[in-house]
Amino acid sequence: MFSIVEKILSRASGQTNFAVDEYLSCKVDLAMVHDSSGPRRLAPKLAEMKRKLFDKDRLAIITDHFVPAHDEASQKIKRVTEEFVHRENIRHFYPEEGICHVVLPQKGLLSPGMFFVGGDSHSTTAGAFGCYAFGIGATDMAGVAATGEIWIKVPQTRLVTLTGALGYQVFAKDIILNLCGRFGMNMAEYQALEFAGEGIATLSMQERMTLSNMSAELGAQAGIIAPDAITSEWLDAHAPERTLVDGMPDTYWQSDMGSHCGPSYNVDLDTLSPYAAAPHSPANAAPLTDHDSPEFTIAYIGACTGAKLVDLRAAAKILKGKQIASSIRLLIAPASLADQQAARDEGLMQIFEEAGARFLPTTCGMCAGYGVDRLGAEDICISSTARNFKGRMGDAGSQVWLASPASVAAAALTGKLTDPRHLVSDI
Amino acid sequence: MKLVGRAWVFGDGIDTDVLAPGRYMSLSPRELADHCLEAVRADFASNVETGDVILAGENFGIGSSREQAVESLKILGISAVVAKSFGGIFQRNAFNLGLMCLSCPTLDLSNLREFDLVELHMKAGVLHAGKHSWDCEKLPEFLRNMINDGGLIAHLNKQSNAKEDK
Ligand code: SF4
């Protein structure tokens, strides 16, 4: 009786007999770094250890944090990254195409059953594809780069059951904010979460990515979703040449009945309403209409968790044929070039432009205060990003509210928290 | 391997901000360490001695992923932390930076006094204090070796050097 997590750890460690809290050494199928966690930190550590990269084809490098390079420091990071890629002959190098967690699956690098680590806390995103995926720090990544292995404490696989189906103008972001509000940021105690239940089958891959992504905000090491027909369809389109992990069919990577342990959680999608989190923690989440609204100065649609194609579609539906409030600026940074291009083809970019939005490059942008656009001390922002910690998006005096892309778009129209269900009539 | 040291006793929920206070994070690692745990024990940094052991309750090191929380304890000479439970990322960082941290769910802090001498048997995973003893988690050999070598980087370094010498 194994959970999906235990099946993956078993294969990666070559051990079949282990219990929760035991320590295993696992072989890494794929590692990813971005420009901030990447070569500038790895190269000196490898040199110090007199080690070479364990496998140049199992390290993906995707630049997104310090791009476009706008000052001397970011230009240097770009240079160091490019030199490393060239010297080590890295095949999976995707510069300035978009945010790493979104670009990675678009390039077809993920397959269910993989053991994956990333040099970024939202590396949990790959869990949506049935991978065991978690974020690690610089020291851990140096170890992985040198040996291709990493130690892990076997986590509990805790079950998050989604019942029913999301209603109109309610999204994956609302599911995760609901959990943040009810259980706080240490809900998962660094164990693994598995999202399952009939509700999962109703979510697209990009919506599932939002759940896995923000498992980090629930304190989980990983947030995994077992592959199903929707996963297969996505993989067939984006990863036609992938090899099956261990030669097993994707359907092998499922949890056996009764294999979960620890606390379990439930979200009833049928009754879920749009959520918003007040400054300065995702744990300050409550139903959007329960909050007293401030007057927003900025609405931001961006980040790995909030500006993928499905997110842009949801926002465009709200903004179509309307104008944003004169008191607010709407900034949109699509999560990747591919998402941006698809949005353009569908006419979404035009809708945004006509509504009065300004576009930022397809990078992390304002999400963590990188780049030239940052919040000022007076700014009160409503944002589709994952975290609203004090000062994260700019000045320490700024305030950030979190909500779904649709709710952010709705706030852009009125300048205040606005239930997106009241704005669209074409049900 | 056995380790003997004086005990410092703390309760539940010692978080990374108590270990490495955010407002001092811009200081040098040594200066930051001088503020370690001051929110709960003002004299900690000035009275701690090399080889001392920390005993604590639930969720030691909970909070952010900052490695400075571990680094500060190492700078101050703490040889091991035994707690009822740890923040997962803190324990990861601790092993990788070479600080022994063993969880001991049954640890009864009311039986312990400050500066009692405690003995920690790493391989067996047992903590002795006076007449009492508790079972801690047992680490596999590869992790014990890594921690003894001073953490992940030092461990790999040593392996590289050993290869060169051959
Ligand atoms: S968009 Fe934000 S949350 Fe996502 S990787 Fe970039 S900085 Fe992190």
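Note that the structure is a prediction, hence the values are computed from the model and not measured. Proteins get letters first, then strands, A, B, ... in listed order; numbering begins at 1 in each. Just so it is clear, the values below take in all heavy atoms, side chains as well, and ignore hydrogens, waters and symmetry mates.
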| Taking side chain as C-beta onward, heavy atoms only, is A:Pro155 less than 4.5 Å from A:Phe134? | no

| Can you check whether A:Phe116 reaches A:Asp29 side chain to side chain, under 4.5 Å on heavy atoms? | no

| field | Structural part of B:Leu97 lying under 4.5 Å from a heavy atom of chain A | value | side chain

| field | Part of B:Leu156 lying under 4.5 Å from any heavy atom of chain A | value | both

| B:Leu143, part contacting chain A, at a heavy-atom distance under 4.5 Å | side chain

| field | Test item: B:Leu127 and B:Leu102 side chains (from C-beta on) under 4.5 Å apart, heavy atoms | value | no

Using atom types as modelled and no hydrogens or angles, find all donor-acceptor pairs between chain A and chain B shorter than 3.5 Å.
| unit_1 | atom_1 | unit_2 | atom_2 | d |
| --- | --- | --- | --- | --- |
| A:Tyr23 | OH | B:Gln91 | NE2 | 3.4 |
| A:Tyr23 | OH | B:Glu137 | OE1 | 2.9 |
| A:Tyr23 | OH | B:Glu137 | OE2 | 3.3 |
| A:Met49 | O | B:Ser160 | OG | 2.7 |
| A:Lys50 | NZ | B:Asn161 | OD1 | 2.7 |
| A:Arg51 | NE | B:Ser160 | OG | 3.0 |
| A:Arg51 | NH2 | B:Leu156 | O | 3.3 |
| A:Arg51 | NH2 | B:Gln159 | OE1 | 3.0 |
| A:Thr139 | OG1 | B:Glu67 | OE2 | 3.3 |
| A:Asp140 | OD1 | B:Arg92 | NH2 | 3.3 |
| A:Asp140 | OD1 | B:Asn96 | ND2 | 2.7 |
| A:Asp140 | OD2 | B:Arg92 | NE | 2.7 |
| A:Asp140 | OD2 | B:Arg92 | NH2 | 3.4 |
| A:Asp140 | OD2 | B:Asn96 | ND2 | 3.1 |
| A:Trp151 | O | B:Arg92 | NH1 | 3.0 |
| A:Trp151 | O | B:Arg92 | NH2 | 2.8 |
| A:Trp151 | NE1 | B:Asn96 | OD1 | 2.9 |
| A:Lys153 | NZ | B:Gln91 | OE1 | 2.9 |

| task | Please list, chain by chain and in numerical order, all residues satisfying ring-ring contact (aromatic ring centres under 6.0 Å, His included) with A:His34, sequence neighbours excluded. | result | A:His65

| How far does CG of B:Leu32 sit from CD1 of B:Ile75, to the nearest 0.5 angstrom? | 7.5 Å

| Per the side chain to side chain contact (heavy atoms under 4.5 Å, CB included) rule, which among A:Leu402, A:Asn284, A:Leu218 passes with A:Cys180? | A:Leu218

| field | Between A:Ser255 and A:Glu194, a side-chain donor and acceptor under 3.5 Å | value | yes

